[in-house]
Structures are given as structure tokens and as C-alpha cells.
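Working notes for the structure below.
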Amino acid sequence: MKRIYNNINLANRNSFGVVEMASTLVEFEGAEELKEYFERYNPERWYVLGAGNNTLFTRSYEGVLFTPISRNRTILKDDGVNVDIRVEAAHDWDELVAWSVSEGLWGIENLSAIPSSVGAAPVQNIGAYGAEAKDAITVVEYFDTRSLEVKRLSREECHFAYRESIFKQELKGVAIILAVEFSLSRTPKPNLGYGDVIKEVEARGGATLVNIREAICAIRASKLPDPKVLGNAGSFFKNPIVEKEVAEELLKSYPDMPHYPIAGDDSKVKLAAGWLIDKSGLKGYRDAAVGVHDRQALVLVNHGGATGGDVMRLAGYVCQRVKECFGVEISPEVNIL
Ligand code: EPU
């Protein structure tokens, strides 16, 4: 059932916990309701607000927020080895990972404990510990607000890249994601190459799905603030991708600077924004109600009572300091409204 709220306070609907209002918020179950709404009101300004883990409101939202509420999970095919599933947009991401681990299904275990809904996962192609959602996604189903039809895109058609997809480009302002299909596998495929993952997995007795999930949850809990305790949106910035020569020049001065190859592009290198912010002296920096997290400098936090404007001022300062110290531009990963 569709539910429409007018003049709604968004404080409980964004993980930063900032207090902002929206003129209208529509909770919807599926495409039929969206079609009816668009036919009737044809809203000019709208945005999809899922679980609100990657959005920063900096002012009242004068438009319509669409929040999916359907959360069914269906097995489409199980041939004994590969299992194809369809999951509706409002399903909690980590509940999906927990379910896959309990069923012995490999593919998304490294993405444990990411605060997200399933519908948001393809938009920025959520990723962590050497895995990305795109590795398991086969299809994304969405409502097209131009044609008012349901459409399906294959993984290739989604144009996934690091924190990128067609939903942040050509289909921004067009698509409302309804469901995502995944292919998971009973064949073990441990992916332990990132950071401390292998050490933490071995400490738990080896590469089982349960051990990998527990190791990743423990690593995340040790570095990342719980949004229920301290408002935040995970990584506030993307890791910057720079020309190889820029990275080589910086490595002469900072031989220990983390840097990662870009698959399929030898001319560019990805740097760690958290390291750059940390080395700019800002880890744990605090400006009134907002701050840089003291255990992971990539995360900006709301210590209580911050506005979106406060967070943006801090973000601007962080970008400026990193630019002054390293000559590198960093940009937000979070959607700013
Ligand atoms: N580092 C520092 N100081 C810091 C933070 C990081 O020196 O304050 C160094 C670390 O020691 C490491 C490197 O920077 O050498 C990378 O740090 P980390 O492994 O913590 O990962 P990240 O690049 O900072 C990315 C994702 C995270 C994801 C981790 C693990 C982005 C924007 N962020 O962070 O994703 O959990 O890798 O895979 O790509 C998120 O998107 O919300 C998120 C938390």
C-alpha cells in the first residue's frame, strides 16, 4: 500500500541524523503505484530515498522522495551449484548477506555489514574488501519515469565501475530501482587478498563463509562508526583516481602511500583518500558538531545536532587541506541534496 507523507521530518530517515524536512515522501510497493503517481502528479523534482545511508540533506527537500517498502526475496533458480535470486529494493543489504552465508552461498560475504538497502547497492556499486556488488549482480529491474514502464538491465548494461553505474549517470533522475537479481554459488570462492582479511580469517580457523563474514564484521566494527550511535554515511569521499605519474611523484616523498592498480587501465592509479586526509593531520579533527572520524579519516561524523551545512563546510575544509598537502582533488561519494 502506498503511503504519502507531507512536510515530513527526515531525521530518522538519514544515517547522518541531520534534521531536514521534505515536502512529500511517498512509500511505494511496486511499479503500479509509481505509474499511478507519475500519471497523476508528474512530479518535476524527485529523488529515491532508500535507507538513507548515502545521502546528505543540506536543506529542506522541495520535491517528492520515493521510498520503496517491498522487501521480498525469491529463489529463481537452483541447479545445485548456482543459485539465482531476486530481491526487492527495500530488503536490508546485510540481512541478504547474512542469509547467503547461512545458506552456504558464496559471492557477497565480503560485503558484510555495509549499511544499505538492496535497491541502493547497484547505484554506487557498493564495495569493500576486494569485492563489489557488481560481481554478483546479474539484473537490475527499475521503473522508468519517462516511459512509465518497468525495464531490466543486465550487469553489462549497468556500466558498473568503482562507485559508479548508469544509475549515477544516464539514468540519474530517470530510474527508480525495484529489484535486483544476483547469482550466488555453492562453490567456495574465498577472496581474502585485501588488507587484514586473511589474518582475521585464519585467526578464526580458515576460509569458511561464516569465518569470512565474522572477520569482515570485526574489521569494520573496529574502524567504522555505527550510524545508530554516531551519525555518518560511511566513506564520505571516493578514493581519488590519479594519473600514474602523479602517484609516482608522490611516492618519491611518501614511499608508504597506499596505492592500487585500476583493472584495465595502466595509466591511472587509485589512492586512499583516508590516508591522504589522515596525513593532512585531520584524523579526529572536530569542528563543533561535526568531525573527521578518529579511526577512519574517510568518514565524517555528526557528533550531535549538526546540520547538513555543517557537514558540507567540514567536507570543503578537508578537500582544501588535502589539495594543499598533496595537490590531489578528492570528491564526495555521498549524494548531496
Ligand atoms: N588509511 C589511513 N588512515 C585512515 C584511513 C585509511 O592511513 O584514517 C589507510 C589504511 O591504513 C590503508 C588505506 O588507507 O592502507 C585504505 O584504508 P581502508 O582499507 O580502511 O579502506 P579505504 O580505501 O579507506 C574503502 C572503501 C570502504 C571499504 C574499505 C575496505 C571507498 C570510498 N571506501 O575505504 O567503503 O569499507 O575500502 O574495502 O572506496 C564505504 O563506502 O562507505 C566504505 C566504508
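For ligands, and for the atoms within them, numbers begin at 1 and follow the listed sequence. Computed from a predicted model, the values in this text were never measured in an experiment.
- In summary, the side chains of Gln169 and Glu164 do present a donor paired with an acceptor at a separation below 3.5 Å, with no hydrogens or angles considered.
- For Ser112 and Arg213, the side-chain atoms include at least one donor-acceptor pair closer than 3.5 Å.
- Val48 and Tyr41 fall within a single hydrophobic cluster, where Ile, Leu, Val, Met, Phe, Trp and Tyr side chains are chained together by heavy-atom contacts under 4.5 Å.
- Aromatic ring centres of Phe66 and Phe143: separated by at least 6.0 Å.
- When non-hydrogen atoms are compared, ligand 1 lies under 4.0 Å from the backbone of Ser235 as well as from its side chain.
- Atom 3 (N) of ligand 1 has Asp278 OD2, 2.8 Å as its closest protein atom, hydrogens excluded (heavy atom only).
- Residue Glu103 qualifies as enclosed at atom CD: its count of foreign heavy atoms under 6.0 Å is above 12.
- Given atom 9 (C) of ligand 1, the protein heavy atom at minimum distance is Trp275 CB, 3.9 Å.
- For atom 23 (O) of ligand 1, the closest heavy atom belonging to the protein is Asn239 ND2, 2.8 Å.
- Close contacts between ligand 1 and Phe237 involve ligand atoms 32 (C) [criterion: under 4.0 Å to a heavy atom].
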Residues 266-278, side-chain donor-acceptor partners within the protein, below 3.5 Å, at least two apart:
residue : atom : partner : partner atom : Å
Ser267  : OG   : Asp265  : OD1          : 2.6
Asp278  : OD2  : Lys283  : NZ           : 3.3

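- Atom 34 (O) of ligand 1 has its closest protein heavy atom at Leu298 CD2, 3.7 Å.
- For the residues Tyr129, Tyr194, Tyr162, the heavy atom positioned nearest atom 37 (O) of ligand 1 is part of Tyr194.
- Both Ile108 and Phe160 sit in one connected hydrophobic cluster of ILVMFWY residues. Membership requires side-chain heavy atoms under 4.5 Å apart, directly or through other members.
- Below 4.0 Å from some heavy atom of Gly234 lie the following atoms of ligand 1, by number and element: 42 (O).
- Taking the six-membered ring where the residue is Trp, the centroids of Phe57 and Phe16 are separated by 6.0 Å or more.
- Between Tyr194 and Tyr260, the ring planes are parallel. Angles under 30° get that label, and only those over 60° would be called perpendicular.
- Residue-ligand proximity: Arg163 is placed with a non-hydrogen atom under 4.0 Å from ligand 1.
- For atom 14 (O) of ligand 1, the candidate residues are Ala272, Pro115, Ala131; the nearest heavy-atom contact is made by Ala272.
- For atom 7 (O) of ligand 1, a protein heavy-atom neighbour is present inside the 4.0 Å cut-off.
- Below 4.0 Å from some heavy atom of Lys283 lie the following atoms of ligand 1, by number and element: 3 (N), 4 (C), 8 (O).
- Using a 4.0 Å cut-off to heavy atoms of Pro258, the atoms of ligand 1 that qualify are 13 (C), 14 (O), 15 (O).
- Proximity of Tyr260 to ligand 1 is established by a heavy-atom distance of less than 4.0 Å.
- Remark: Arg40 CZ is loosely packed, at most 12 non-hydrogen atoms of other residues, nucleotides or ligands lying under 6.0 Å away.
- Inclusion of Gln296 in the set of residues having an N or O under 3.5 Å from an N or O of ligand 1 is warranted.
- Near Lys223, with a cut-off below 4.0 Å to any heavy atom, the atoms of ligand 1 are 20 (O).
- More than 12 heavy-atom neighbours from other residues, nucleotides or ligands sit within 6.0 angstrom of CD on Glu245.
- Neither the backbone nor the side chain of Lys279 comes within contact range of ligand 1; no heavy atom lies under 4.0 Å.
- Around the CG atom of Asn12, the shell of radius 6.0 Å holds no more than 12 heavy atoms that belong to other residues, nucleotides or ligands.
- Counting heavy atoms only, Ala128 comes closest to atom 28 (C) of ligand 1 of the residues Ala128, Pro332, Ala273.
- Within the structure, ligand 1 has Arg220 among the residues with a heavy atom less than 4.0 angstrom away.
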